[in-house]
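Inspection log for the structure reproduced underneath, given as structure tokens.
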Amino acid sequence: MLDFLSNLKRTHYCGELRAKDEGRDAVVMGWVARRRDLGNLLFLDVRDRTGIVQVVFNKETQPAAHAKAEQARGEFVVAVEGKVLKRQKANPELASGEVEIVASKLHILNNAKTPPFPIEDEINAAEETRLRFRYLDLRRPKPHRNLALRHKIILEIRKVMDEMGFLEVETPMLTRSTPEGARDFLVPSRIHHGQFYALPQSPQIFKQILMIAGMDKYFQIVKCFRDEDQRADRQLEFTQLDLEMSFPRQEDIFHVIEQVMVRACAVAGVKAEASFPHMQYKDVIRKYGSDKPDVRFGMELHEVTHCFPEEARQKLQIEGNVFALAAPGAASYSRKQLDELTEKAKALKARGAYFVKVAAEGLSSTVEKLIGAENVKKIAEACGAKPGFPLFEWSESDKTWVSAQHPFTGIVDEDLEKLESAPWEVRSKGYDLVLNGYELGSGSIRIHRQDIQERLFKALGLTEEQLRRRFGFFLDALTYGTPPHGGIALGIDRVVMLLAGEKSIREVIAFAKTTAAQDLMAESPSAVDAAQLDELGIAIRPAKKAAQ
């Protein structure tokens, strides 16, 4: 027989009881984490979001409570009345380990089936199983800690933004489709048949309009949506800190986001010091081969094309430049390990990988016969065994130049004259925040002049009709005195992931989707009733069969 909660009121959280509470009456509520029956003494570990407390049921002094405890099993929901006493032997693994509750009464509020995996920190359950039973997975201590950390980081971000004079303004979730790099999620309109809203990839246009509206400093902790392929640090829906400022220099925006990161890191007990190192795009690509390098490892790239004579280049089928990097400690790698590195390089679009072994007995290399011992030596010697991103990038699929970021990114002033004649040479006023190989944030000084914005759109090949259809209201807004402005968006999920020491953002999102873009718990996406589709005027076409 289950009990009712009635007017029973919790007095303490399980994990917050301490030696100072000795002698107090206590009522705790939670789930049975563990049960140990020693005959006359029966122990229940009761868990809530703060932790665990041990509860003792004595058959001789409280027979009714003991008899009730015999019915309790793992994950039963219970309320316990009793007195807090010091334990004879403290448990250092529990925050409440100095005390226990000697129970006078037990209320069993609900029963539970046996969970598909233990509700503990260290489990072997597959991620798919954990996500399918996410309500059980979230009972574990680590997910609790991650979500609590996320809460505290977001709270601290709001505090620091308020201290710096930013106003939090909400922008619409149902907006219009605009090209911003990824596919939009479309929402059909019931009232306006054949027309669609789009979920925002970012509040980009709206935050710029807020600058036109004179808000001066805007921020928002906002949900964004992008229909793109999934990976460990990416979700279809994600949360970002979005901010925009009027009349800023790049340094002003850098200062703001640096203060945000310093304070966010402090919440996790990590000391970060501003100002952060700044790198030019061309330099970071040359040194690391990536615009989001992990500089902890050093291993900078060094161009060694001059060490490969023309004859060697032809035999090795080298068409572009050759770069080398030093890998300390790798001289002892086996042939198998080197072959694996070569395959990894090819998977990352490199022509191949060649090795120079630097050992006490001298140098050796897989290409020494082709380039000569002197050039091998030069390679070893060459390795020593800040804002300014491109505005355009070449799209292989479209065979044209496309915007490397979004089409509202400002242009370096002296490059404006190249916009139509040499777009590949035009630099943007864009910038990224990178930590340990992860891009945490991206932003830019925006285009605030209508004439320059229209020139950029035309450079992207957009017709006047396309401009009016996609951006008409925004282009109109630009004609009413738009101030110079700029901003940045910071990926909250990735920030929390790194500060929590996790490798996947799914570990810091309450209800995450798999890499197959599914919510296994809610069984989403799912089919909908034909009546709903009829009301929207939508018909589902059969999926095309894959080519044989």
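Owing to the predicted nature of the structure, the values given are computational and were not obtained by experimental measurement.
- Residues Glu120 and Pro141 come closest through the heavy atom pair C-CD, 4.2 Å.
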Checklist line | Intermediate values then yes/no, salt bridge (Lys or Arg N to Asp or Glu O under 4.0 Å), Asp21 and Arg18 | finding: CA-CA 6 Å; Asp21 299 308; Arg18 298 292 186 271; over 6 Å; no
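- The minimum heavy-atom distance between Arg226 and Phe238, with the atom names listed, is NE-CZ, 3.7 Å.
- Minimum interatomic distance between Gly74 and Ala112 (heavy atoms only, all atoms of both residues): O-CB, 4.2 Å.
- Arg134 and Asp137 are joined by a salt bridge, as a carboxylate oxygen and a charged side-chain nitrogen come within less than 4.0 angstrom of each other.
- Taking 4.5 Å as the limit, some side-chain heavy atom of Phe473 sits within range of a side-chain heavy atom of Ile205.
- No side-chain donor from either of Asn91 and Gln54 sits under 3.5 Å from a side-chain acceptor of the other.
- With 3.5 Å as the limit, one finds a donor-acceptor pair spanning the side chains of Arg150 and Thr239.
- By the 4.5 Å heavy-atom criterion applied to side chains, Asp184 and Gln201 are counted as neighbours.
- Note on Asp45 versus Arg34: salt bridge recorded, some NZ/NE/NH1/NH2 to OD/OE distance being below 4.0 Å.
- Taking both residues in full, the closest heavy atoms of Val256 and Leu243 are given as CG1-CD2, 4.0 Å, listed atom of the first, atom of the second, then distance.
- The shortest heavy-atom contact between Gly487 and Tyr431 is O-OH, 3.0 Å.
- Residues Thr514 and Leu520 form a side-chain contact, since some pair of their non-hydrogen atoms from C-beta on lies under 4.5 Å apart.
- In terms of heavy atoms, Ala69 sits closest to Leu42 at CB-CD2, 3.8 Å.
- When each of Arg446, Lys207, Gln208 is paired with His485, the side-chain hydrogen bond (donor to acceptor under 3.5 Å, both in side chains) condition holds for Gln208 and for no other.
- Ion pair Arg145/Asp121 flagged as a salt bridge, since at least one NZ, NE, NH1 or NH2 atom sits closer than 4.0 Å to an Asp/Glu carboxylate oxygen.
- Counting only heavy atoms from C-beta outward, the side chains of Met161 and Gln259 never approach each other to under 4.5 Å.
- Checked for salt-bridge contact, Lys159 and Asp162 miss the test: no charged N lies under 4.0 Å from a carboxylate O.
- A perpendicular orientation is assigned to the rings of His278 and Phe254, their planes being inclined by more than 60° (bins at 30° and 60°).
- A salt bridge (Lys or Arg N to Asp or Glu O under 4.0 Å) with Lys513 holds for exactly one of Glu523, Glu237, Glu128; it is Glu237.
- Atom CZ of Arg140 has more than 12 neighbouring heavy atoms from other residues, nucleotides or ligands inside a 6.0 Å radius.
- Salt-bridge annotation for Glu507 and Lys142: absent, with no side-chain N of the basic residue lying under 4.0 Å from a carboxylate O of the acidic one.
- Within the 4.5 Å cutoff, side-chain heavy atoms of Ile509 are placed close to those of Gln235.
- No donor-acceptor contact under 3.5 angstrom links the side chains of Gln240 and Ser202, judged on distance only.
- Summarising the local packing, CZ of Phe196 is surrounded by more than 12 heavy atoms from other residues, nucleotides or ligands at distances under 6.0 Å.
- Proximity of Phe43 to Val56: side-chain heavy atoms (C-beta onward) are separated by under 4.5 Å at one or more points.
- Look at Arg47 and Glu75 and you find a salt bridge, because one of the NZ, NE, NH1 or NH2 atoms lies within 4.0 Å of a carboxylate O, short of that distance.
- You'll find the side chain of Cys265 reaches within 4.5 Å of the side chain of Leu499, heavy atoms only.
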